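I have placed the structure first, in the form of structure tokens, so that the comments after it can refer back to it.
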Amino acid sequence: MFIGHFAVGLAAKRAAPRLSVAVLFAAAQFADLLWPVLVALGIEQVRIQPGITAFTPLDFISYPYSHSLLLLCVWGAVFGAICAGVVRDGRVWFVVFALVVSHWVLDWITHRPDMPLYPGSAKVGLGLWNSIPGTIVVEVAMFILGVWIYARSTRARDRLGTRAFAAFVGFVFAAYAANLGPPPPSVAAIVGVGIAGGAVLLLWAWWFDRHRNPVT
Ligand SMILES: [Zn+2]
């Protein structure tokens with residue numbers, strides 16, 4: 001899943017208005033931010049296998065540290081503790097923990113059975129990616145709902161608060177559409193786009209969120 005994770009991060013702004021949506025995205029996307037780094041280091045493995053699912057050609061051979069349920073619970077607990085400490089609000093822990101673990105649940109729904117429960121476990125996955133229309137309908141509906149909840153939970157302080165947010169939404173849709181194009185040329189390209197794209201989207205989110213105030 002791709003834009004569905006951003007949808008969850010946007011919606012979480014309502015539950016944790018004091019956290020930048022960039023932090024909420026980092027939590028919901030923690031698995032996919034860690035993953036390209038671990039692939040680059042040779043710790044996790046992926047290969048390009050066109051046709052392995054209808055929606056994506058990626059064959060996730062092994063990714064126990066970024067994508068097992070157990071490790072995501074650990075990362076979520078740690079990330080949640082850091083955020084709760086920074087804003088001095090214990091409730092924030094639950095929001096951040098739930099976001100990090102939500103990544104596993106959403107990927108479990110979309111991936112073929114390649115998602116580990118813990119390193120070395122049997123792998124599970126419901127395979128929504130076997131249907132291109134099903135994947136698009138679910139993710140686009142989630143994303144629109146997330147945008148709507150975020151837009152209602154915050155108010156633009158200035159023009160940038162409206163325009164930078166609208167541009168972000170358009171960019172994410174365009175990136176999602178580009179996903180439907182030809183498969184990536186190499187694993188190195190996936191890693192590069194994953195790391196650079198993740199950094200750009202987080203900075204962009206930080207920027208527009210600073211130009212919007214939570215509605216209290
Ligand atoms: Zn993922």
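In what follows, every heavy atom counts, from backbone to side chain, and hydrogens, waters and symmetry copies are set aside. Only a predicted model underlies this, so the values are computations on that prediction, with no experimental measurement involved. Both ligands and their constituent atoms are indexed starting at 1 by order of listing.
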Legend entry - Under 2.8 Å from the Zn ion (ligand 1) - protein N/O/S, by chain and number: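 Sorted hits: D32 OD1, H67 NE2, H103 NE2, D107 OD2.
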Inset, instruction - Taking all heavy atoms of S62 and all of P64, pick out the closest pair and write down the distance. - result: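 Scanning both residues completely, I find the closest heavy atoms to be OG-CD, 3.3 Å.
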Legend entry - Note, L69 side chain near V101 side chain (heavy atom, < 4.5 Å):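 With C-beta onward as the side chain, the pair touches.
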Legend entry - Test salt bridge (charged side-chain N to carboxylate O under 4.0 Å, His left out) applied to R212 - qualifying residues, sequence neighbours left out: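 R212: no salt bridge (charged side-chain N to carboxylate O under 4.0 Å, His left out) contacts found.
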N/O donor-acceptor pair under 3.5 Å between [X] side chain and [Y] backbone:
| X | Y | result |
| --- | --- | --- |
| R18 | V87 | yes |
| W93 | A77 | yes |
| R157 | R210 | yes |

